[in-house]
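Working notes for the structure below.
Note that ligands are numbered from 1 as they come in the structure, with each ligand's atoms numbered from 1 the same way.
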Amino acid sequence: MTERVHFQNPWNFLGLTEEIADPERARGWLLPIPYESTTSYGAGTRDAPTAILEASRQVELYDLEFGREPVMDYGIHTLPPMELVLRSPDTMMQSIEDVVASILLNAQHPEVLGILGGEHSISAGVARGAARALKSGQLVAVHVDAHADMRAEYEGSPYSHACAARRIVEVCPIYQIGIRNISSEEVSFLKGRQDVRTVFSAEANDPGGLYLKDLAEFVRDRNVYLTIDVDGLDPSIMPAVGTPEPGGISWERMLEIARTVCVNAAAVPVFDVVELAPVPGLRAPDFLVAKLVYKVFSYILAGK
Ligand SMILES: [Mn+2]
């Protein structure tokens with residue numbers, strides 16, 4: 001398809017030609033947010049967007065599931081990385097909220113805004129920006145993670161990565177999948193709540209995937225914000241995370257979840273993939289995330 005003989009591909013997601021990556025034509029945009037500030041264990045999420053973009057240039061555009069090169073139908077434009085505001089987490093979250101809302105509200109806006117983290121705390125800003133742009137009544141969130149992330153605050157900050165889902169549920173109902181690390185404070189918080197559904201890891205991995213029907217109902221006719229913390233995946237396929245937890249979601253199940261969300265939702269105007277902490281020399285996790293991001297765009301935009 002693309003001429004790859006003498007010249008390097010352009011430095012964008014998937015190494016797309018200018019025509020396919022043209023912002024006026026591309027139905028998907030991708031925003032890198034290399035923000036890392038509150039990581040509590042292993043560090044490195046600030047390097048994730050670069051590693052994902054680098055790996056994406058090796059992802060084959062042809063997708064067996066679609067039987068074609070789906071991105072050629074819809075196009076993806078890679079935005080420059082968002083400028084970081086390191087004064088305080090509050091100002092960074094406000095800044096992310098403003099950027100996400102302004103992209104989604106602009107006259108020329110993408111159908112889907114994908115975001116590459118960075119740590120999971122960015123999702124507080126993303127959720128608020130999406131809610132502001134989309135008039136929140138119709139907005140729901142689907143959250144893949146090993147951690148419930150429902151703490152009111154952690155180490156003195158309401159914008160810690162350990163509070164990401166708590167900040168989201170302040171904005172819209174949330175459906176969590178893959179959870180296998182939760183504190184007693186979070187268990188008490190979740191008791192009896194109507195606006196949170198938590199599918200723990202054992203159920204998430206159940207071969208029948210019975211909850212996928214329930215997930216389809218949860219997203220049906222809604223605008224969905226999909227947030228994927230990659231530590232929700234099994235650490236044997238995703239070791240490059242700061243806070244790994246044994247157990248977790250397989251690659252195939254991850255795709256089933258993404259497919260279920262994207263096929264049944266009215267729209268998925270925004271998604272983020274967070275918490276990759278690249279390990280130098282270990283390419284498989286970076287490549288997995290690059291391929292996952294491509295899959296999510298295709299499930300939303302290539303109409304399958
Ligand atoms: Mn997590």
Side-chain angles (χ1 to χ4, degrees), residues 33-49 51-52 89 93 96 114-127 141-155 157-171 174-187 189-190 196-205 225-251 253-254 257-258 261 271-279 285-286 288-289 292-293 296:
I33 307 184
Y35 178 71
E36 175 174 12
S37 144
T38 69
T39 310
S40 50
Y41 193 18
T45 59
R46 66 172 69 102
D47 301 324
I52 297 163
M93 290 316 132
I96 294 171
I115 292 169
L116 302 180
E119 61 173 52
H120 206 177
S121 55
I122 66 167
S123 296
V126 177
V142 175
H143 169 216
V144 174
D145 206 322
H147 310 89
D149 284 351
M150 282 289 178
R151 288 181 155 93
E153 55 171 60
Y154 190 64
E155 293 175 342
S157 173
Y159 296 116
S160 162
H161 63 99
C163 313
R166 182 68 172 264
R167 299 289 84 81
I168 294 171
V169 79
E170 289 166 357
V171 170
I174 188 168
Y175 198 105
Q176 310 188 281
I177 307 165
I179 311 305
R180 52 199 186 278
N181 177 312
I182 190 165
S183 65
S184 47
E185 174 203 332
E186 291 168 297
V187 170
F189 172 75
L190 291 180
V196 184
R197 164 94 163 92
T198 303
V199 175
F200 291 99
S201 190
E203 191 187 349
N205 279 325
Y225 161 39
L226 174 62
T227 179
I228 302 173
D229 178 335
V230 296
D231 68 30
L233 296 164
D234 188 321
S236 65
I237 59 166
M238 182 42 69
V241 293
T243 42
E245 283 287 337
I249 295 167
S250 69
W251 170 247
R253 179 50 55 88
M254 181 65 246
I257 292 166
V261 168
F271 73 90
D272 59 31
V273 180
V274 298
E275 290 288 330
L276 175 73
V279 177
D286 306 355
L288 184 158
V289 175
L292 178 59
V293 169
V296 172

Handout entry: Tyr154 and His161 aromatic ring geometry - parallel, tilted or perpendicular at 30°/60° bounds
Key = perpendicular
Problem - Neighbouring protein N, O or S atoms of the Mn ion (ligand 1) [cut-off: under 2.8 Å, no waters] - result: Asp145 OD1, His147 ND1, Asp229 OD2, Asp231 OD1, Asp231 OD2
Problem - Partner set under salt bridge (Lys or Arg N to Asp or Glu O under 4.0 Å) for Arg197, not counting sequence neighbours - result: Glu203, Asp214
Problem - Partners passing salt bridge (Lys or Arg N to Asp or Glu O under 4.0 Å) against Glu245 (at least two apart in sequence or in another chain) - result: none
Practice task
Determine, stepwise, if the pair Ser37 / Tyr159 fulfils side-chain contact (heavy atoms from CB on, under 4.5 Å).
Solution key: CA-CA 10 Å; Ser37 144; Tyr159 296 116; over 6 Å; no
Practice task
Go through the side-chain N and O atoms of His143 and Gln176 and say whether any donor and acceptor fall under 3.5 Å apart.
Solution key: yes
Handout entry: Contacts of type salt bridge (Lys or Arg N to Asp or Glu O under 4.0 Å), residue Arg46, not counting sequence neighbours
Key = Glu36
